[in-house]
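Data first, discussion second: the structure below is written as C-alpha cells.
Every number for a ligand or one of its atoms is a count from 1 in the order of the listing. The analysis underlying the following values was restricted to heavy atoms, covering all of them including side chains, and did not include hydrogens, waters or symmetry mates.
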Amino acid sequence: MDSVETYLADILAAIRPLPPRELALGDALGAVLTDDVTARQPQPPFDNSSMDGYAVRTADVATASEAHPVLLRVAGEIAAGDTGRYDLVPGTVFAIMTGAPMPAGADAVVPVGQTDGGSERVAIAQPVGAGSFVRAAGSDARPGDLLLPAGTRLGAVHLGLLAAAGHATVVARPRPRITVISTGNELVDHGGDLIPGQIWESNATMLAAAAREAGCAARRYPIVRDTTDALLAAVTDALDSADVLVTTGGVSMGGEHDVVKAALGTLGTVTFRKVAMQPGMPQGFGTVGPAETPIFTLPGNPVSAYVSFCLFVRPALDALQDYFGERPKPQQAVLAGPVRSPAGRRSYLRGILDVPAGLVTPVTGQASHQLASLARANALAIVPEQVTSLEAGETVDVLELP
Ligand code: AMP
Ligand code: MG
C-alpha cells in the first residue's frame, strides 16, 4: 500500500499546468495570472470631485465663517461624464457632482452640505483646505504600479480592478474544466423512480459541485453503465472538453463488475493502487488521450469519493493552474469522544469541529456510504496509520471541510 503522501506526490508529478491564454475578463474568474499586471494609466485618470458640492479656489473661501459667510457666483455645473473644459474665474465657483472633472484653477470642493445649496450664488460658511474632497489623478495607482502579482487567482475584486485599469483581457491559466463520470448499473438520475436494487446517483452531482466550489468549470456526465465499451466511449467523448476527468465506482478490489479498472487498465497510463487510508483505499490515476489528460478513478462509495476528491483531486486542480496559494492545513483539536481506526491505514473520520473550543466531536455513522453523516460534519479528524484507537481528551489533526 502507498501512503497518502506518496500517492499525492506521484499525482502532482504527472500534472502539467495548463498553458496561459488571453481571456476576456468575463471568462477570467478563477484564472491564475502568469505575469504581474501593472497600471498603464493613472487611476483615477483625472482629478475629480469625491462629493456633490462646489469646486472652489481655497483662497476665495479663506475668510468664511458662520458669522460672515462668503457669497460666490455659481458659474455653471459640471456633472460626471462632462468632458468639456472649464476654467474657474477667481471669485466664482462651479457646482460639481461626484466623479466630475475638476475645473482648471479650482483646488478644493466644498460639499453641498456645508453651503446653502444656492444655484445662482452660494453662501459658504467655512474655509476648506487645498485638495479637500478632490480625488487626485493617480491617487489609487500610478503608471507602472504593481496592481496584481503573478500567481494571483482572479476573484471578483481583481477583475474589477483590471476593468477599472482599462484591461479588456488578461493573460492567465484558465479555470480547469472537469468532467465527472459516475458508473454503475444500479444508478438512477435524481428525480427518476427507483425499483428495488437501484439507488439515486449522488457522486457526480456532489463532485461536480465540489469542483465548482474549488473554482473549476465542472460538468456531470450522463450515468455510464457497467460495460467496458460504455465507459471507454464516455471517456473518449469527455476528453474533448475536459482538462481533468474523474470517474467514480468500478475500482473495487476484484470482481468482473469493476468496469473502470477493466477498461482503463488498457488505456493511457492509468494505474490502480491501494492507498493506506480509510475511507478511500482503492484509487487510480493516470493520463489518457492525445492531450495526456489527467484522470482520477475514485471509489464509488460517496464518502470515499468525496474524501478522495479533497485529498487528491483538489491539489491537482491547483497544480493545473500552477497555483500554490492558500491550502487548507490541518489544525489540532481535542477529541470529544473515542475513535477507532484500522491498523496500517490513516483514518479520516467525520467530526463536528468547534474551532473556538478546539474540540472535535466524531459523528455517529462512519461507514463509507453514510453521506448523511458527512453532511452533518464540518471536518475530518485524522488518525495516523499506526494508531488503532484514541480516547476522548486526546489530540488529533483535523482538516476543515469547505
Ligand atoms: P463500486 O465501487 O462501483 O462497487 O461502488 C461502491 C458503492 O458505491 C456501491 O454501493 C455503489 O452503489 C455506490 N456508488 C457507486 N457510484 C455511486 C454514485 N455515483 N452515487 C451513489 N452511489 C454510488
Ligand atoms: Mg459500481
Side-chain angles (χ1 to χ4, degrees), residues 1 7 178-213 216 218-235 237-238 242 244-267 270-286 295-314 342 345 347-348 350 365-377 401:
M1 275 204 264
Y7 185 58
I178 180 168
T179 296
V180 186
I181 304 173
S182 57
T183 67
N185 286 343
E186 74 280 29
L187 303 178
V188 175
D189 263 322
H190 36 256
D193 292 327
L194 295 185
I195 53 174
Q198 297 180 324
I199 59 169
W200 281 300
E201 195 288 321
S202 57
N203 291 347
T205 304
M206 172 171 62
L207 298 184
R212 279 185 215 112
E213 279 183 345
C216 294
R219 187 163 85 97
R220 171 179 178 257
Y221 201 85
I223 295 167
V224 172
R225 298 304 168 203
D226 286 324
T227 72
T228 313
D229 287 352
L231 182 71
L232 286 177
V235 166
D237 178 41
V244 196
L245 296 180
V246 170
T247 65
T248 75
V251 292
S252 302
M253 287 303 151
E256 66 226 42
H257 298 290
D258 291 330
V259 60
V260 172
K261 226 172 175 177
L264 295 183
T266 60
L267 189 75
V270 182
T271 57
F272 296 92
R273 290 156 72 167
K274 288 187 190 179
V275 180
M277 60 189 277
Q278 178 167 289
M281 181 176 63
Q283 298 285 338
F285 173 78
I295 182 167
F296 291 84
T297 66
L298 304 186
N301 277 306
V303 178
S304 313
Y306 186 77
V307 170
S308 306
F309 181 93
C310 293
L311 294 181
F312 305 123
V313 184
R314 209 35 246 270
R345 287 163 72 183
S347 285
Y348 293 87
R350 281 148 271 175
Q366 294 283 350
S368 317
H369 67 288
Q370 289 175 303
L371 200 50
S373 71
L374 179 60
R376 279 198 304 278
L401 291 172

Donor-acceptor side-chain pairing of Asn203 and Thr248 below 3.5 angstrom: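 Thr248 and Asn203 do have a side-chain donor-acceptor pair below 3.5 Å.
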Identify the heavy atoms of [X] and [Y] that sit nearest to each other, and give their distance.
| X | Y | value |
| --- | --- | --- |
| Val259 | Leu231 | O-CD2, 4.0 Å |
| Arg220 | Ala204 | CG-CB, 3.5 Å |
| Trp200 | His190 | CD1-CA, 3.7 Å |

Examine the proximity of ligand 1 to Ile223 and report which part, side chain or backbone, both or neither, has a heavy atom under 4.0 Å away.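 Neither; nothing of Ile223 gets under 4.0 Å from ligand 1.
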Quick test: of every protein heavy atom, which one is nearest to [atom], and how far off is it to 0.1 Å?
| atom | value |
| --- | --- |
| atom 17 (C) of ligand 1 | Asn203 ND2, 3.2 Å |
| atom 13 (C) of ligand 1 | Gly300 O, 3.7 Å |
| atom 22 (N) of ligand 1 | Ile199 CD1, 3.4 Å |
| atom 11 (C) of ligand 1 | Glu186 OE2, 3.0 Å |
| atom 19 (N) of ligand 1 | Glu201 OE2, 2.9 Å |

Rounded to the nearest 0.5 Å, what separation is found between the NE2 atom of His369 and the CG atom of Asn301?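 Atom-to-atom, His369:NE2 and Asn301:CG are 8.0 Å apart.
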Pairwise distance OG1(Thr271) to CG(Leu264) - rounded to 0.5 angstrom: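 These two atoms lie 11.0 Å from each other.
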Using 30° and 60° as the class boundaries, would you call the ring planes of Phe285 and Phe296 parallel, tilted or perpendicular?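 Judged by the thresholds at 30° and 60°, the geometry between Phe285 and Phe296 is tilted.
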Need the ligand 1 atom indices (1-based, order shown) with element for anything under 4.0 Å from a heavy-atom of Ser252.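 What qualifies from ligand 1 is 2 (O), 4 (O).
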Numbering the atoms of ligand 1 from 1, which are under 4.0 Å from a heavy atom of Thr248?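 Within the 4.0 Å cut-off of Thr248, ligand 1 contributes 19 (N).
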Is Ser202 close enough to touch ligand 1? Criterion: a residue heavy atom under 4.0 Å from a ligand atom.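 True for this residue.
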Is the shortest distance from a heavy atom of Gly250 to ligand 1 less than 4.0 Å?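 Within the 4.0 Å threshold, so yes.
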Have a look at Asn301, Leu298, Asp258 and point out the one with the heavy atom closest to atom 6 (C) of ligand 1.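 Result: the heavy atom closest to atom 6 (C) of ligand 1 is in Asn301.
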Gln283 and side chain to side chain contact (heavy atoms under 4.5 Å, CB included): which single residue from Val251, Leu311, Val275 fits?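 Considering Val251, Leu311, Val275, a side chain to side chain contact (heavy atoms under 4.5 Å, CB included) with Gln283 is found only for Val275.
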Using distance alone, decide if ligand 1 has a nitrogen or oxygen within less than 3.5 Å of any nitrogen or oxygen in Trp200.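 Min N/O separation from ligand 1 is not below 3.5 Å for Trp200.
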